[in-house]
Participant: 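I am attaching a structure below and will ask some questions about it afterwards.
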Amino acid sequence: MDCCLWILYSSYYDNEELNSAKKMLNKALEFEIKAELKFFDYFKIEEQKIFYKDELVTYYPKVIFFRGHNIELIKFFEENGVYVINKSFTTIVCKDKWQTNELVKSLNIQTPNCEIYNGQSFDYCMKKYGLPFLIKYRYGAQGKSIYLINNLNDFNITKNINNDDYIIQEYIKSSYGKDLRVYIIKNTWHAACIRANENSFMSNIAQGGKSYHYDLSEDDYNKALKIFNKLDGDIISVDFLFGDNGLIFCEANTNAGFASFNFLGYNVRDYMMEYIKNIIKK
């Protein structure tokens with residue numbers, strides 16, 4: 001029987017030792033959703049047809065929950081009438097930290113000063129941004145490929161990177177080692193937590209950070225919701241830094257981890273499946 005939901009993960013999770021993808025599938029089945037787990041690396045598009053593990057795909061589900069960033073696949077499924085979480089527009093903008101920053105600035109929400117890295121000198125960066133400043137990969141995740149530049153030696157380490165793929169960004173000293181993650185599931189659930197790391201300027205759980213409850217004010221929630229709506233999100237996180245005069249936008253993620261909320265007792269997969277089940281019913 002054709003299923004209503006495909007849950008797509010990277011083939012990295014096609015591994016008996018990694019259970020994140022299987023937990024998501026089991027949660028869907030627990031909600032009595034006819035679901036299948038697939039791995040997006042095994043899809044191949046040829047002449048407007050799509051194959052999975054070299055077999056022609058002859059039907060599509062009503063909804064795909066896409067835990068990744070393969071834009072070509074997302075667009076293909078959208079063009080064939082599938083509701084994809086999250087949409088291609090949302091995924092494209094959130095994946096590129098430069099695009100996200102520009103979009104949020106258009107909402108008159110404070111963001112760190114930044115620009116695309118295209119060979120600027122250390123002296124230029126130091127005069128414009130002060131020390132330290134950041135050089136970070138535009139398409140990165142989990143705190144990877146972020147350089148905290150304290151001096152010329154730190155700067156020289158970045159000389160061989162592909163410049164257009166990186167941005168130079170103001171470093172918000174008041175938010176050293178901590179940020180605020182707001183997780184939003186459209187019309188269903190939201191929560192916030194502080195992620196903090198005593199041993200690094202990066203707060204990511206993947207970099208050793210820990211999560212703590214945070215009571216989000218109505219004003220700050222509305223700020224996150226304004227960004228969420230502009231991004232046309234379904235299930236995304238909106239991250240903020242702690243500035244001297246309030247929250248400063250950091251980034252948004254369509255494939256955000258939610259371990260920091262699970263640690264705090266939230267059953268995030270339940271909220272995800274509640275939302276997906278309501279879409280399927282429409």
Side-chain angles (χ1 to χ4, degrees), residues 86 90 93-105 107 109-114 129-150 166-185 189-228 230-231 233 235-266 268:
N86 284 278
T90 314
V93 177
C94 287
K95 183 62 177 171
D96 185 342
K97 299 180 193 307
W98 170 252
Q99 282 196 57
T100 321
N101 192 78
E102 292 300 291
L103 180 143
V104 173
K105 277 169 61 177
L107 300 174
I109 292 173
Q110 186 178 1
T111 67
N113 294 321
C114 71
Y129 297 100
L131 290 175
F133 60 89
L134 296 172
I135 294 179
K136 60 197 297 188
Y137 185 49
R138 289 172 61 173
Y139 313 104
Q142 298 182 328
K144 297 175 182 177
S145 300
I146 299 178
Y147 302 90
L148 181 65
I149 309 300
N150 288 288
Y166 284 76
I167 58 174
I168 307 165
Q169 189 175 88
E170 171 190 11
Y171 180 63
I172 308 300
K173 295 178 183 178
S174 54
S175 202
Y176 177 87
K178 64 179 180 180
D179 69 5
L180 175 68
R181 168 155 288 183
V182 183
Y183 216 104
I184 302 176
I185 300 176
W189 173 81
H190 75 272
C193 74
I194 289 179
R195 302 184 302 170
N197 191 340
E198 296 179 354
N199 302 310
S200 171
F201 70 95
M202 292 181 286
S203 59
N204 309 69
I205 301 299
Q207 299 295 334
K210 295 181 180 180
S211 58
Y212 304 90
H213 283 286
Y214 185 84
D215 293 324
L216 196 65
S217 71
E218 184 176 353
D219 284 348
D220 287 339
Y221 171 62
N222 287 334
K223 183 182 293 185
L225 187 60
K226 189 175 183 181
I227 296 168
F228 178 91
K230 185 70 173 178
L231 289 166
I235 299 175
I236 68 173
S237 73
V238 182
D239 298 347
F240 294 94
L241 303 170
F242 292 95
D244 291 330
N245 299 305
L247 296 181
I248 300 172
F249 173 78
C250 179
E251 63 183 38
N253 299 281
T254 56
N255 191 31
F258 47 89
S260 50
F261 292 95
N262 287 340
F263 292 150
L264 298 175
Y266 295 103
V268 180

Participant: Taking all non-hydrogen atoms of both residues into account, name the closest pair between Thr90 and Gly233 and its distance.
Facilitator: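 Taking Thr90 first and Gly233 second, the nearest heavy atoms are CG2-CA, 4.0 Å.
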
Participant: Could you give the distance from OH (Tyr147) to CD1 (Ile168), rounded to the nearest 0.5 Å?
Facilitator: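 CD1 of Ile168 is found 13.5 Å from OH of Tyr147.
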
Participant: Apply side chain to side chain contact (heavy atoms under 4.5 Å, CB included) to Asp239 and Arg195, showing your working.
Facilitator: CA-CA 10 Å; Asp239 298 347; Arg195 302 184 302 170; 3.5 Å; yes

Participant: Decide yes or no on side chain to side chain contact (heavy atoms under 4.5 Å, CB included) for Ile227 and Ile236, but give the supporting numbers first.
Facilitator: CA-CA 10 Å; Ile227 296 168; Ile236 68 173; 5.9 Å; no

Participant: Evaluate His213 against Tyr266 for side chain to side chain contact (heavy atoms under 4.5 Å, CB included), listing each step before the verdict.
Facilitator: CA-CA 11 Å; His213 283 286; Tyr266 295 103; 3.9 Å; yes

Participant: For the aromatic rings, using the six-membered ring if either is Trp, is the centroid distance between Tyr171 and Phe133 under 6.0 Å?
Facilitator: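 No - the distance between ring centres of Tyr171 and Phe133 does not fall below the 6.0 Å cut-off.
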
Participant: Which heavy atom of Val268 sits nearest a heavy atom of Ile185, and at what distance?
Facilitator: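 In terms of heavy atoms, the two residues are closest at O-CD1, 4.3 Å.
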
Participant: What distance separates Gln99 CD from Leu231 CG, expressed to the nearest 0.5 Å?
Facilitator: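 Between atom CD of Gln99 and atom CG of Leu231 there are 10.5 Å.
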
Participant: Report yes or no: does Asn86 contribute a side-chain atom to a donor-acceptor pair with the main-chain N or O of Ile235 at less than 3.5 Å?
Facilitator: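 Yes; judged by distance alone, with no hydrogens or angles, the pair exists.
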
Participant: Between the main-chain N or O of Val104 and the side-chain N or O of Lys226, is there a donor-acceptor pair closer than 3.5 Å?
Facilitator: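 No; zero donor-acceptor contacts below 3.5 Å.
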
Participant: Any idea which heavy atoms bring Asp96 and Thr100 closest together, and the distance?
Facilitator: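 Here Asp96 and Thr100 meet closest at O-OG1, 2.8 Å.
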
Participant: Sub-3.5 Å donor-acceptor pair from the side chain of Ser174 to the main-chain atoms of Phe242, do we have one?
Facilitator: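 Side chain of Ser174 to backbone of Phe242, a donor-acceptor pair under 3.5 Å: yes, one is there.
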
Participant: Drop me the distance from Cys94's SG to Glu251's CD, to the nearest 0.5 angstrom.
Facilitator: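 These two atoms lie 9.5 Å from each other.
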
Participant: If you take all heavy atoms of Ser211 and Ser260, which pair is closest and at what distance?
Facilitator: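 Nearest heavy atoms, Ser211 then Ser260: OG-O, 2.8 Å.
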
Participant: Do Lys223 and Phe240 make a side-chain contact, defined as non-hydrogen atoms from C-beta onward lying under 4.5 Å apart?
Facilitator: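 A side-chain contact exists here, since the closest heavy-atom pair is under 4.5 Å.
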
Participant: Quick one: does any side-chain atom of Asn101 pair with a main-chain N or O of Lys97 as donor and acceptor, under 3.5 Å?
Facilitator: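 It does not hold such a pair.
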
Participant: Give the intermediate values and the outcome of side chain to side chain contact (heavy atoms under 4.5 Å, CB included) for residues Leu134 and Ile149.
Facilitator: CA-CA 6 Å; Leu134 296 172; Ile149 309 300; over 6 Å; no

Participant: Measure up the Tyr166 and Tyr137 rings against each other and bin them: parallel (under 30°), tilted (30 to 60°), perpendicular (over 60°).
Facilitator: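 If you compare the ring of Tyr166 with that of Tyr137, the planes turn out tilted.
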
Participant: Between Lys230 and Leu107 (side chain of the first, backbone of the second, donor and acceptor by atom type, cut-off under 3.5 Å), is there such a pair?
Facilitator: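 No; judged by distance alone, with no hydrogens or angles, the pair does not exist.
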
Participant: To the nearest 0.5 Å, tell me how far Ile172 CD1 sits from Asp179 CG.
Facilitator: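 Here the interatomic distance stands at 12.5 Å.
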
Participant: For the residue pair Tyr183 and Trp189, does the interplanar ring angle fall in the parallel (under 30°), tilted (30 to 60°) or perpendicular (over 60°) class?
Facilitator: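 Aromatic pair Tyr183/Trp189 classed tilted.
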
Participant: Strictly distance-based, threshold 3.5 Å: is any side-chain N or O of Arg181 a donor or acceptor partner for the main-chain N or O of Phe261?
Facilitator: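 Flag not set: sc Arg181 to bb Phe261 has no pair under 3.5 Å.
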
Participant: Give me the atom names and distance for the closest heavy-atom approach of Ile194 to Lys178.
Facilitator: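 In this case the closest contact between Ile194 and Lys178 is CG2-CB, 4.5 Å.
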
Participant: Answer yes or no: is there a side-chain heavy-atom contact under 4.5 Å between Ile248 and Ser175?
Facilitator: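 No; the side chains remain at least 4.5 Å from each other.
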
Participant: Counting distance only, does the side-chain N/O of Lys210 pair as donor-acceptor with the main-chain N or O of Ala196 below 3.5 Å?
Facilitator: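 Here the side-chain-to-backbone pair does not exist.
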
Participant: Rounded to the nearest 0.5 Å, what separates atom CZ in Phe258 from atom CG in Leu264?
Facilitator: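 Interatomic distance, Phe258 CZ to Leu264 CG, rounded to 0.5 Å: 13.5 Å.
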
Participant: Provide the closest heavy-atom pair for Val182 versus Ala224 in the form atom of the first, atom of the second, distance.
Facilitator: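 Closest approach of Val182 to Ala224, heavy atoms only: CG1-CB, 4.0 Å.
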
Participant: Nearest 0.5 Å, please: how far is CD1 in Ile146 from CD1 in Ile135?
Facilitator: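 Reported to 0.5 Å precision, the distance equals 12.0 Å.
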
